J.: 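I'd like to ask you about the structure that follows.
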Protein chains: 2
Amino acid sequence: MEVMPEDLPHPSKDEIRIEAVLHALADPVRLTIVRELASCVDGATCGTFELPISKSTRTHHVRALREAGVVNVRPEGTSRIVTLRRDDLDSLYPGLLNGVLAARQ
Amino acid sequence: MEVMPEDLPHPSKDEIRIEAVLHALADPVRLTIVRELASCVDGATCGTFELPISKSTRTHHVRALREAGVVNVRPEGTSRIVTLRRDDLDSLYPGLLNGVLAARQ
DNA sequence: CTCGTACTACGATGGCCCTCGTACTTAGCG
DNA sequence: CGCTAAGTACGAGGGCCATCGTAGTACGAG
């Protein structure tokens with residue numbers, strides 16, 4: 001589909017599985033990350049997430065979201081730009097992301 | 001809201017938490033149950049689910065779905081009638097259920 | 001080159017939970 | 001009452017994973 005210069009492995013759109021997505025979203029930390037990403041269209045650096053967790057745990061969660069197909073991660077210097085794969089998720093599971101984000105915190 | 005004679009504890013609509021719902025849906029067995037429930041409007045007996053699991057495991061999963069607020073369980077003789085709480089879920093997380101059910105198997 | 005920043009890799013730990021078998025309860029039937 | 005069917009309770013085992021600290025890599029600034 002789209003060709004993007006990356007070195008981090010991402011599942012293609014047709015490799016995304018609903019169970020993996022749901023499992024990725026079921027964690028409170030990852031859900032917070034997804035909410036933050038949804039509120040800033042340009043994507044965010046890993047370090048900008050305000051979370052009471054260690055760096056390695058943050059890496060772990062961003063990796064989990066990436067491998068589930070929920071986010072895209074792009075190197076940018078020493079940082080990683082993280083963006084929601086909103087188009088893919090919306091076309092695979094229309095309404096799912098909206099429903100999740102509609103939840104009262 | 002609605003008064004229903006039950007002896008099994010269910011979370012009220014405002015007690016349902018998105019993380020619990022997502023976690024409940026993230027299991028392949030429970031997702032199968034939800035899919036079967038979505039296809040039969042009248043609800044189903046626990047025993048009618050065709051699953052390669054033991055009785056106690058089935059009980060465990062139905063309980064998990066009930067405690068997360070995904071399904072309603074009503075005694076009926078020696079059986080339990082299980083129904084999707086579609087109205088509650090749709091109003092709390094509009095689109096979520098549709099998105100999940102839209103996933104290719 | 002040196003230093004600091006941003007992140008990753010790896011192993012350890014602890015907890016959650018999926019699965020099961022066994023024993024038990026309850027309802028219905030004769 | 002005796003029997004069967006449907007489901008629950010409980011405990012055990014085993015695996016997955018969230019969390020962390022430490023060590024290491026990669027990039028940019030000076």
Side-chain angles (χ1 to χ4, degrees), chain A residues 5-10 17-37 40 42-83, chain B residues 5-10 17-37 40 42-83:
Chain A
E6 302 167 357
D7 56 348
L8 295 162
H10 291 73
R17 292 176 310 122
I18 183 63
E19 297 165 14
V21 172
L22 290 171
H23 179 257
L25 296 177
D27 183 273
V29 172
R30 291 193 289 261
L31 200 51
T32 303
I33 294 177
V34 168
R35 274 198 250 261
E36 288 196 32
L37 289 176
C40 61
D42 301 6
T45 313
C46 285
T48 60
F49 301 127
E50 297 206 355
L51 295 164
I53 56 173
S54 69
K55 279 198 304 179
S56 34
T57 303
R58 175 165 42 78
T59 297
H60 164 75
H61 284 304
V62 172
R63 177 195 184 100
L65 287 169
R66 170 176 55 82
E67 291 180 346
V70 177
V71 302
N72 192 286
V73 184
R74 181 177 77 250
E76 184 101 349
T78 63
S79 299
R80 305 282 183 271
I81 308 295
V82 184
T83 51
Chain B
E6 300 166 357
D7 57 348
L8 295 162
H10 291 73
R17 292 176 311 121
I18 182 63
E19 298 164 14
V21 172
L22 290 171
H23 178 256
L25 296 177
D27 181 273
V29 172
R30 290 193 289 260
L31 200 51
T32 303
I33 293 177
V34 169
R35 273 199 252 261
E36 288 196 32
L37 289 176
C40 60
D42 302 5
T45 312
C46 286
T48 60
F49 301 128
E50 296 206 357
L51 295 164
I53 56 174
S54 69
K55 278 198 305 178
S56 34
T57 302
R58 174 165 41 80
T59 296
H60 164 76
H61 285 303
V62 172
R63 177 195 184 100
L65 288 169
R66 171 176 56 82
E67 290 180 345
V70 178
V71 302
N72 192 286
V73 185
R74 182 177 76 251
E76 183 102 348
T78 64
S79 299
R80 304 284 184 271
I81 307 295
V82 185
T83 51

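Model, not experiment: these values are computed from the prediction. By convention in this document, chain letters (A, B, ...) are assigned in the order of the sequence lines, proteins followed by strands, and residues within each chain are numbered from 1.
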J.: Calculate, to the nearest 0.5 Å, the distance between atoms CZ and CG belonging to R80(B) and N72(B) respectively.
T.: 12.5 Å

J.: Could you encode protein contacts along nucleotides 17-30 of chain C as a string, one character per nucleotide from 5' to 3', using B for base contact, S for sugar-phosphate-only contact and - for no contact, with a heavy-atom cut-off of under 4.0 Å?
T.: SSBBB----BB---

J.: Atom CG of L51(A) and atom P of dT19(D): how far apart are they, to the nearest Å?
T.: 10 Å

J.: What pairs of residues pass the side-chain hydrogen bond (donor to acceptor under 3.5 Å, both in side chains) test when at least one of them lies in residues 17-28 of chain B, not counting sequence neighbours?
T.: none

J.: Which residues pass the side-chain hydrogen bond (donor to acceptor under 3.5 Å, both in side chains) test with E36(B), sequence neighbours left out?
T.: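 By the side-chain hydrogen bond (donor to acceptor under 3.5 Å, both in side chains) rule, E36(B) matches no residue at all.
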
J.: Can you name the residues that form a side-chain hydrogen bond (donor to acceptor under 3.5 Å, both in side chains) with T57(B), not counting sequence neighbours?
T.: S54(B)

J.: Is it the case that the side chain of R30(A) and the backbone of A24(A) share a donor-acceptor pair, with hydrogens and angles ignored and the cut-off at 3.5 Å?
T.: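 Pair found, side chain donor or acceptor close to backbone of A24(A).
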
J.: Would you kindly give the CD-to-P distance between E67(B) and dA9(D), to the nearest whole Å?
T.: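 One finds 10 Å between P of dA9(D) and CD of E67(B), rounded.
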
J.: Is a side-chain donor or acceptor of R66(B) paired with a backbone partner of H10(B) at a separation under 3.5 angstrom?
T.: no

J.: State the CD-CG distance between E67(B) and L8(B), to the nearest 0.5 angstrom.
T.: 10.0 Å

J.: State whether R63(A) places a side-chain N or O below 4.0 Å from either non-bridging phosphate oxygen (OP1 or OP2) of dA9(C).
T.: yes

J.: Could you work out, with side-chain hydrogen bond (donor to acceptor under 3.5 Å, both in side chains) as the rule, every residue matching H60(A), not counting sequence neighbours?
T.: none

J.: Whole Å only: how far is the CG atom of L8(B) from the P atom of dG7(D)?
T.: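 Going from CG in L8(B) over to P in dG7(D) covers 12 Å.
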
J.: Output the rounded distance in Å from CD (E19(B)) to P (dC16(C)).
T.: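 From E19(B) CD to dC16(C) P: 15 Å.
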
J.: Taking OP1 and OP2 of dG7(D), is either one under 4.0 Å from a side-chain nitrogen or oxygen of T59(B)?
T.: no

J.: Can you tell me if R80(A) touches the phosphate of dA6(C), counting only side-chain N or O atoms and a distance under 4.0 Å to OP1 or OP2?
T.: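 No, because none of the side-chain N or O atoms of R80(A) sits under 4.0 Å from OP1 or OP2 of dA6(C).
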
J.: Evaluate the side-chain contact (heavy atoms from CB on, under 4.5 Å) criterion for residues I33(A) and L51(A): first the C-alpha distance (whole Å), next the side-chain angles of each, then the deciding distance (0.1 Å), finally the verdict.
T.: CA-CA 9 Å; I33(A) 294 177; L51(A) 295 164; 3.8 Å; yes

J.: Find the distance F49(B):CZ to dG7(D):C1' and express it as a whole number of Å.
T.: 13 Å

J.: Counting Watson-Crick and G-U wobble pairs with both distances under 3.5 Å, what is the dot-bracket string for DNA chain D, 5' to 3', using [ ] for crossing pairs and | for pairs to another strand?
T.: ||||||||||||||||||||||||||||||

J.: Figure out the CZ/P separation between R74(A) and dA6(C), and round it to whole Å.
T.: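 Taking CZ of R74(A) and P of dA6(C), I get 17 Å after rounding.
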
